[in-house]
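Report on one structure; see the data block that follows.
Below, all heavy atoms of this structure are taken into account, side chains as well, without hydrogens, waters or symmetry copies. Here, residue 1 is the first one in the sequence, and each next residue gets the next number.
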Amino acid sequence: KQWYQRRVRGLCTRYMKLIVQKPTRLHCQHCEATYKLPTGGSIKLYQGNTCPLDHFELVVFNAGGKSFILCPYCFNFPEIEGMEINYGCNRCPHPTCPNAAPQLGITQCPQCEDGTLVLDPNSGPCWRMSCNTMKCTFVVKVFSGAVRVTVSSENECANCASSFVTVEYKPDKAPFEAGIAKVKGCIICDAQLASLV
């Protein structure tokens with residue numbers, strides 16, 4: 001399958017070949033570069049979006065209901081301080097990338113000590129949050145049928161320090177009181193939002 005184009009400054013812009021046999025990897029036949037990918041799931045392009053650090057096209061890894069976005073270059077050669085090798089964008093500390101942990105992280109994982117529950121921006125309208133550690137399998141479905149869910153990293157709950165989320169439904173499908181279609185608040189402490197988790 002030759003569907004993945006590398007867009008890295010200073011390197012070739014030829015199509016790369018996805019090799020699905022273990023270990024899963026991308027390989028450029030032109031410059032002989034190989035990039036390891038996670039195994040045990042499927043890989044697809046992520047809407048043509050690119051990494052702000054190296055301009056690689058992003059991919060989505062999906063394994064049994066848990067999915068995350070990753071940059072193949074950063075997965076192998078992290079360029080930002082605090083980023084670990086073999087992790088996706090959901091663990092990246094980049095301060096402005098819309099796919100990084102600071103923009104999608106909501107609250108601490110209830111199942112493990114190291115993880116943060118991050119919104120899967122690719123999961124709508126059956127939205128879900130999942131732990132951003134590789135070993136933890138915690139996934140929770142949230143806000144089914146919502147047309148838009150966003151995380152507000154600037155606002156956090158005074159009670160539990162969770163980031164606020166904004167959830168928007170079509171007016172005729174809104175589950176909120178008085179027919180309100182859009183609510184912003186804490187998924188743990190706000191009764192209207194907590195009932196949809």
Side-chain angles (χ1 to χ4, degrees), residues 1-123 127-140 151 153 163:
K1 295 180 180 180
Q2 294 187 0
W3 50 263
Y4 190 88
Q5 183 179 9
R6 182 175 56 172
R7 293 182 183 156
V8 181
R9 283 173 290 193
L11 298 176
C12 76
T13 57
R14 306 273 176 129
Y15 284 96
M16 299 181 77
K17 184 176 183 180
L18 175 64
I19 301 169
V20 292
Q21 292 88 1
K22 290 184 181 178
T24 306
R25 59 207 180 275
L26 290 170
H27 178 73
C28 178
Q29 295 173 330
H30 179 71
C31 66
E32 296 297 320
T34 301
Y35 301 93
K36 182 176 84 166
L37 295 172
T39 58
S42 63
I43 301 279
K44 66 178 185 173
L45 283 172
Y46 179 57
Q47 304 168 356
N49 293 338
T50 59
C51 176
L53 296 172
D54 50 45
H55 301 284
F56 247 85
E57 283 184 300
L58 300 175
V59 297
V60 177
F61 173 73
N62 190 336
K66 183 175 179 177
S67 66
F68 60 90
I69 300 162
L70 68 100
C71 166
Y73 189 83
C74 292
F75 188 79
N76 290 275
F77 310 105
E79 294 184 336
I80 191 167
E81 188 176 329
M83 179 70 171
E84 301 171 54
I85 194 166
N86 297 336
Y87 274 101
C89 299
N90 61 0
R91 294 279 291 195
C92 178
H94 194 282
T96 60
C97 177
N99 302 304
Q103 283 64 252
L104 296 175
I106 298 173
T107 191
Q108 184 175 350
C109 177
Q111 189 168 305
C112 73
E113 296 177 8
D114 301 327
T116 299
L117 290 184
V118 293
L119 177 69
D120 179 351
N122 207 34
S123 63
W127 299 95
R128 62 182 176 257
M129 298 182 304
S130 61
C131 182
N132 66 352
T133 62
M134 295 292 256
K135 293 179 184 174
C136 183
T137 58
F138 187 81
V139 177
V140 61
V151 179
S153 56
S163 293

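- Pairing each heavy atom of P93 with each of E81, the nearest pair is CG-O, 3.4 Å.
- Ring orientation note: the planes of Y35 and F77 are nearly perpendicular, at an angle over 60° on the 30°/60° scale.
- Note: N49 CG to C71 SG = 12.0 Å, rounded to the nearest 0.5 Å.
- Side-chain atoms of N62 never come within 3.5 Å of backbone atoms of S67 as a donor-acceptor pair (strictly under, hydrogens ignored).
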H94 and N99: side-chain contact (heavy atoms from CB on, under 4.5 Å), yes or no, with the steps? CA-CA 9 Å; H94 194 282; N99 302 304; over 6 Å; no
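- Between H27 and E32 there is a side-chain heavy-atom pair separated by less than 4.5 Å.
- Interatomic distance, CG of L58 versus CD of Q47, reported as 9.5 Å (0.5 Å rounding).
- Here the closest non-hydrogen pair linking L117 and F138 is CD2-CD2, 3.5 Å.
- Of the inter-residue distances, the one linking T107 atom OG1 with M129 atom CE reads 8.0 Å to the nearest 0.5 angstrom.
- Residue T24 holds its OG1 atom at 7.0 Å from CG of L18, rounded to the nearest 0.5 Å.
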Applying side-chain contact (heavy atoms from CB on, under 4.5 Å) to R91 and F68, what does each step give before you reach the verdict? CA-CA 10 Å; R91 294 279 291 195; F68 60 90; over 6 Å; no
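- Scanning both residues, C136 and T133, for their nearest heavy atoms gives CB-OG1, 3.1 Å.
- Between G115 and N132, the shortest heavy-atom contact is CA-OD1, 3.6 Å.
- Heavy-atom neighbours of E113 CD from other residues, nucleotides or ligands within 6.0 Å: at or below the threshold of 12.
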For the pair C89 and C97, evaluate side-chain contact (heavy atoms from CB on, under 4.5 Å) and give the outcome as yes or no after the intermediate values. CA-CA 9 Å; C89 299; C97 177; 5.7 Å; no
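- Of all the heavy atoms in F61 and T39, the pair that sits closest is CZ-O, 3.4 Å.
- Across every non-hydrogen atom of V60 and Y46, the tightest pair is CG2-CD1, 3.4 Å.
- Atom-to-atom distance recorded for T34:OG1 and N76:CG is 9.5 Å, nearest 0.5 angstrom.
- At least one side-chain heavy atom of P121 sits under 4.5 Å from a side-chain heavy atom of I69.
- The shortest side-chain heavy-atom distance between I106 and T116 does not fall under the 4.5 Å cut-off.
- Using a 4.5 Å heavy-atom cutoff, the side chains of F75 and P38 are in contact.
- The distance from atom SG of C74 to atom CG of D54, rounded to the nearest 0.5 Å, is 4.5 Å.
- Checking each of N122, L119, V139 against R128 for a side chain to side chain contact (heavy atoms under 4.5 Å, CB included) leaves exactly one that passes, namely V139.
- Among pairs with a residue in residues 66-78, none fulfils salt bridge (Lys or Arg N to Asp or Glu O under 4.0 Å), at least two apart in sequence or across chains.
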Verdict with supporting geometry, T50 and E57, side-chain contact (heavy atoms from CB on, under 4.5 Å): CA-CA 4 Å; T50 59; E57 283 184 300; 4.2 Å; yes
